Amino acid sequence: MVMGHVDRTLVRDVAAIAAASSVIGASFGAISVASGLSVWVASAMSVLVFAGGSQFMAVGVVAGGGSPVAAVIAGLLLNARHLPFGLVISDVLGKHWLVRLIGTHLMVDESVAFALAQPTPERRKAAYWLCGGALFVGWNVGVLVGALAGTALGSPEAMGLDAAFPAGLLALLLPSLTAPAKPPNVEPGTAEGGGATARAQDARAAAARARWVAGGAVLIALATTPILPTGVPVLLSLLALGLVLR
Amino acid sequence: MTLLPILVLAAGTYAFRLAGPLLSQRVQVSARVQGLLSLSAIALLTALVATATLTSNGGFSGWARPAGVLAGAVLAWRKLPFVVVVVGAAGVTALLRMSGVS
């Protein structure tokens, strides 16, 4: 039933981000093996943690001489944002408890962003599962290939993939931050027209609130990044909600 | 790294992921709170975009990456397909790096 709400554009968009994630996964696999993890430990970590940023972080901390405890704490700080994500996308996980538990594991930045960019609940659900599932497969296949091939594969930086992810997230966020520029062309005074105008005004007001929050979040995160551990600035950005609380 | 820290990281991450769905099953949230929750996701994701674009290891990332993201942003703004945005951003950054911009 979910598949009925998947269109070709969504499949293509998800495939693009899954392919990019696969290449970055390959570099994670290669880096992990180079810093002493066995192929199967690198793969097990990717299947069980399934959060790329925290995986790079944890392996990097240990490779840099840090303790495993420091690595776990750094990774968990980075992943704490999944808690508020879960509150927002809880509805896409469905009713059955086993399905919910599986869907919970597919919660990553991209699947959340794809879901939020959809106009209807059905499409939200389809986008979340499609993106989460494709990323899970893409990421883990990439990690395994990279761990086996080692550093023979090119670096994701040379391919510019570190720019692909923020650009993709930004593209998914843009519709929430921008409202239809003009109110729809309707006859003033009719009941129908009045309702449409009110809806357009609501949409513009919501987009304006979202822009305030987004702007504040960017400032908070960038200002605190030099002085706080990775992951904390993104969490602190939640304080930007204060800009729209009354 | 041994398996134990990996398992702890995996369990902790899953707990963060699970907490949201569990909480929202138990607490009935009003439309206003639901709106604030959506805004909180927007805050987190834009903060993530900003830090992933401009910083690496607590410092400035160099110009190649933000230039690529900016190109992607322009493409997204002009309503080009998502694939074009992602490939365009990566392409600009890759070309800049190829020509010596870090």
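On a predicted model such as this, the values are computed, not experimentally measured, just so you know.
If you tally non-hydrogen atom pairs under 4.5 Å between each of A:V218, A:L238, A:L76, A:L177 and chain B, the highest count goes to A:L76. For the set A:L228, A:L172, A:T230, the entry with the most heavy-atom pairs within less than 4.5 Å of chain B is A:L172. Taking chain A as the reference chain and counting heavy-atom pairs below 4.5 Å, the highest number among B:A76, B:G12, B:S24, B:A47 is found for B:A47. Counting heavy-atom pairs closer than 4.5 Å to chain B, the top residue among A:L48, A:I17, A:V234, A:V59 is A:V234. The candidate from B:V8, B:T53, B:L70 with the greatest count of non-hydrogen atom pairs under 4.5 Å with chain A is B:T53. Chain A forms the most heavy-atom pairs under 4.5 Å with one residue out of B:S40, B:A41, B:P5, and that residue is B:S40. Put simply, of A:P229, A:P84, A:P175, A:A80, the one with the most heavy-atom pairs under 4.5 Å next to chain B is A:A80. Interface remark: of the candidates B:L9, B:V29, B:L18, B:L9 forms the most heavy-atom pairs closer than 4.5 Å to chain A. Contact count versus chain B (heavy atoms, under 4.5 Å) is highest, among A:A16, A:G168, A:S38, A:S35, for A:G168. Between chain A and the residues B:L39, B:L23, B:L75, the most heavy-atom pairs under 4.5 angstrom are made by B:L39. Contact tally against chain B (heavy-atom pairs below 4.5 Å) for A:L245, A:T104, A:T225: the top residue is A:T104. Ranked by heavy-atom pairs under 4.5 Å with chain A, the first of B:G72, B:A94, B:A89, B:A71 is B:A94.
Of the inter-residue distances, the one linking B:L45 atom CG with A:R81 atom CZ reads 8.5 Å to the nearest 0.5 angstrom. Atom CG of A:L243 and atom CG of A:L239 lie 9.5 Å apart (nearest 0.5 Å). In this structure, NE2 on A:H82 lies 7.5 Å from CE on A:M107, to the nearest 0.5 angstrom. Atom-to-atom distance recorded for B:I42:CD1 and B:L36:CG is 11.0 Å, nearest 0.5 angstrom.
For A:A113, the parts sitting under 4.5 Å from any heavy atom of chain B are the backbone and the side chain alike. Contact annotation for B:L7: only side-chain heavy atoms (C-beta onward) come within less than 4.5 Å of a heavy atom of chain A. Only the side chain of B:T55 comes within contact range of chain A, judged by heavy atoms closer than 4.5 Å. For B:R65, the parts sitting under 4.5 Å from any heavy atom of chain A are the backbone and the side chain alike. The contact between A:L169 and chain B is made by backbone and side chain atoms together, counting heavy-atom distances below 4.5 Å. For A:F56, no part lies under 4.5 angstrom from a heavy atom of chain B. For A:L170, the parts lying near chain B are the backbone and the side chain together; criterion is any non-hydrogen pair under 4.5 Å. Only the side chain of B:L54 comes within contact range of chain A, with at least one heavy atom under 4.5 Å from a heavy atom of that chain. With a threshold of 4.5 angstrom between heavy atoms, A:E157 approaches chain B through its backbone and through its side chain.
The distance between the ring centers of A:F50 and B:Y14 does not fall below 6.0 angstrom.
For B:W63, the ring pair (Phe, Tyr, Trp, His ring centres under 6.0 Å) partners at least two apart in sequence or on another chain are B:F60.
If you check the side chains of A:Q118 and A:R123, you find a donor sitting under 3.5 Å from an acceptor. No side-chain donor-acceptor contact under 3.5 Å links A:S90 and B:Q25.
Using modelled atom types, no side-chain atom of B:T93 and backbone atom of B:A90 make a donor-acceptor pair closer than 3.5 Å.
When the options A:L116, A:D91, A:I89 are evaluated for a side chain to side chain contact (heavy atoms under 4.5 Å, CB included) with A:Y128, the one that passes is A:I89.
Under the 4.0 Å criterion applied to side-chain N and carboxylate O atoms, B:R97 and A:D162 are assigned as salt-bridge partners.
Put simply, the side chain of A:S22 does not reach to within 4.5 Å of the side chain of A:W139, judged on heavy atoms.
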Could you go through A:W40 and B:L3, starting from their C-alpha distance and side-chain angles, then the distance that decides it, and tell me whether this counts as side-chain contact (heavy atoms from CB on, under 4.5 Å)? CA-CA 10 Å; A:W40 85 267; B:L3 207 53; 3.7 Å; yes

